[in-house]
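Notes to accompany the following structure.
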Amino acid sequence: MGRKYQVISADSHLDLAPDRWTPRVPAPWRDRAPRVVKLPNGADGIAYENRPLHRLQYARMGGTPTSPEHKARPTYEGHAGSGSPEERLGEQDQDGVDAEILFTHSTYLSAWRGIREDAGYRALIHAFNEFLVEDYCSYAPDRLIGMGIIPPTSLDDAVAELEYCARAGLKGVAIYRFPSGKSYPSSDDDKFWSRAVEIGMPITSHSSTGTTRFTSEGPVFQYPLNPEGAVGRDPLTIEFFRFCGDAAFAPMQLAFAGVFDRFPDLRIYWAETQAGWLPFALWQIDDHYRRYRQLVEEQWGLEPLERKPSDYLRQQNLWGFLYDGLAVRMRHDTGVDALMWGNDFAHIASDWPNSQRIIDEMFDGVPDAERDAMVAGNAVRFFHLDKE
């Protein structure tokens, strides 16, 4: 039997200096990998190929006090969350956290794409995954639970990296585009979903702005019909998400593409979306679907769903929240088993090292079994942490 978990942050971050992992980049690409540069004011920056110089932001620096942050110079050295695995365990202990699900922010992936060649971009991603496996998470694999990154360069690349992460012992992977790399789900992606379900690899995605939408570039769906004059009035964009934003965008793309019907055991965790918005969105999306489905089926050829949209969102998706008391109060509308708390460490949105106080405040009056599910149990089940 594995470790007994009481508190797991299902949304934490690795914002490490690139030179911690870039030595693993193959020689042909190593000189083009990101590197730390010292700015004139003493702060750290990162130089990327074909990208503007990135200045380290206070939002990435855990432990920076709110009030004097304008006086600080953000650097990797000495800031919480940017040190060794051993230091990270100490920071977890300070916060009363038994383990963290560790994500790499999507802004870094976008910056790495400054290397235009697919082979180079893929090499950077694989080098980082190797670093997670061999240099970082291996120090305490039951507490440092890194999400491997899936490259969006091709479907074959995505499947190959999925299989590597599974063989290497990572407990989950993160996607930031659809597996084929497209802006919409396609039947080709089924190879990836099928393999993930077959090997039992948890699939996650981390939002950058609260939306699950992977990109605003390109089409969002392959419709059988596209009525003349309807360009820009995409029903998935315009009709079904009116009044409730697009925080559930990618899951609904998958639902309308039939992915969840073809793979009923597929569940995806969407980290840092918050969840107080979700009960309202579940209602609105169902209502809009009821109102517009006939129009959309006739004009766009969209096949009807087998279930209500809200059923897919509740039953085959999980949602990560930080400090969101409304999400806790509305938990039964969403589903207790669909919610996972995270502390967002080491970003400034985190309440580290005071997560215990925040948890007690949010879950005041919540039955112990429900609290335990949202702060640990759901993560244990989703990421199979109860298995050796």
Side-chain angles (χ1 to χ4, degrees), residues 10-13 15 57 59-60 101 103-111 113 147 149-150 152 172-186 189 203-221 232-257 259-260 266-289 309-310 312-314 316-324 326-327 330 333-335 338-342 344 347-350:
D11 175 15
S12 296
H13 292 275
D15 287 306
Q57 301 173 3
R60 299 283 176 265
I101 308 302
F103 289 95
T104 301
H105 207 274
S106 59
T107 54
Y108 290 122
L109 272 72
S110 176
R113 200 31 165 153
M147 296 293 100
I149 301 169
I150 297 299
V173 295
I175 58 173
Y176 296 92
R177 297 277 292 219
F178 291 107
S180 64
K182 295 182 174 66
S183 58
Y184 54 87
S186 69
D189 295 331
I203 305 297
T204 71
S205 186
H206 190 283
S207 74
S208 58
T209 58
T211 177
T212 62
R213 186 168 182 168
F214 292 133
T215 179
S216 296
E217 302 173 359
V220 301
F221 205 79
R233 297 288 300 180
D234 187 291
L236 271 178
T237 305
I238 301 299
E239 305 298 355
F240 297 146
F241 294 95
R242 294 178 67 228
F243 310 128
C244 57
D246 61 359
F249 199 89
M252 291 314 302
Q253 286 176 287
L254 291 167
F256 279 105
V259 173
F260 290 132
L266 176 65
R267 301 181 81 203
I268 301 177
Y269 168 50
W270 308 91
E272 201 170 328
T273 58
Q274 300 289 46
W277 58 271
L278 190 52
F280 176 75
L282 293 171
W283 172 271
Q284 288 292 333
I285 293 172
D286 277 355
D287 182 59
H288 295 155
Y289 179 64
S310 60
Y312 295 98
L313 295 176
R314 282 192 180 98
Q316 291 183 253
N317 297 275
L318 295 92
W319 308 90
F321 67 97
L322 310 177
Y323 181 57
D324 188 350
L326 183 61
M330 303 290 286
D333 294 273
T334 303
L339 298 173
M340 291 196 276
W341 169 83
D344 201 42
H347 291 174
I348 202 169
S350 171

Value rounded to 0.5 Å, distance of NZ in Lys182 from OG1 in Thr215: 14.0 Å
Are His288 and Glu239 close enough that a side-chain donor and a side-chain acceptor fall under 3.5 Å? no
Shortest non-hydrogen pair, Arg314 vs Ala338, comes out as O-CB, 4.1 Å
Quick one, Cys244 with Ile285, criterion side chain to side chain contact (heavy atoms under 4.5 Å, CB included). Give me CA distance, side-chain angles, the key distance, then yes/no. CA-CA 8 Å; Cys244 57; Ile285 293 172; 3.9 Å; yes
Between the side chain of Gln253 and the main-chain N/O of Val220, is any donor-acceptor distance below 3.5 Å? yes
Non-hydrogen side-chain atoms of Leu326 and Phe321 separated by less than 4.5 Å: no
d(Gln274 CD, Asp11 CG) to nearest 0.5 Å is 9.0 Å
Criterion side chain to side chain contact (heavy atoms under 4.5 Å, CB included) on Leu254 and Tyr312, from CA distance to verdict: CA-CA 9 Å; Leu254 291 167; Tyr312 295 98; over 6 Å; no
When you measure from the side chain of Ser205 to the backbone of Trp270, do you find a donor-acceptor pair of N or O atoms at a distance under 3.5 Å? no
For Phe178 and Ser183, the nearest pair of non-hydrogen atoms, with its separation, is CE1-O, 3.6 Å
Residue pair Pro251 / Asn317: nearest heavy atoms and the distance that separates them: CB-OD1, 3.7 Å
Between Phe256 and Phe240, what is the ring plane arrangement, given parallel below 30°, perpendicular above 60°, and tilted in between? parallel
Atom OG of Ser110 and atom OH of Tyr176: how far apart are they, to the nearest 0.5 Å? 12.0 Å
Nearest 0.5 Å please: distance from the CZ atom of Phe260 over to the CZ atom of Arg267. 10.5 Å
Using 30° and 60° as the class boundaries, would you call the ring planes of His13 and His347 parallel, tilted or perpendicular? parallel
Under the 3.5 angstrom rule, does the side chain of Thr204 hit a backbone N or O of Val173 as a donor-acceptor pair? yes
Between Asp286 (side chain only) and Trp283 (backbone N and O only), is there a donor and an acceptor less than 3.5 Å apart? no
Hey, is OH on Tyr323 packed in by over 12 heavy atoms from elsewhere, all under 6.0 Å? no
Using every non-hydrogen atom in the two residues, find where Phe103 and Tyr269 come nearest and quote the distance to one decimal. CZ-CE2, 4.0 Å
Show the nearest heavy-atom pair for residues Trp319 and Thr212, with the distance to one decimal. CZ3-CG2, 4.2 Å
Does a donor on one side chain and an acceptor on the other come within less than 3.5 Å for Tyr108 and Asp15? yes
Going through the checks in order, is the side chain to side chain contact (heavy atoms under 4.5 Å, CB included) test met by Leu282 and Asp333? CA-CA 9 Å; Leu282 293 171; Asp333 294 273; 5.8 Å; no
Show your working on side chain to side chain contact (heavy atoms under 4.5 Å, CB included) between Ser207 and Glu272 and close with a plain yes or no. CA-CA 6 Å; Ser207 74; Glu272 201 170 328; 4.1 Å; yes
Ile203 CD1 to Ile268 CD1 distance, which is reported to the nearest 0.5 Å: 7.0 Å
So how far is it from Met252 CE to Asp246 CG, rounded to the nearest 0.5 Å? 13.0 Å
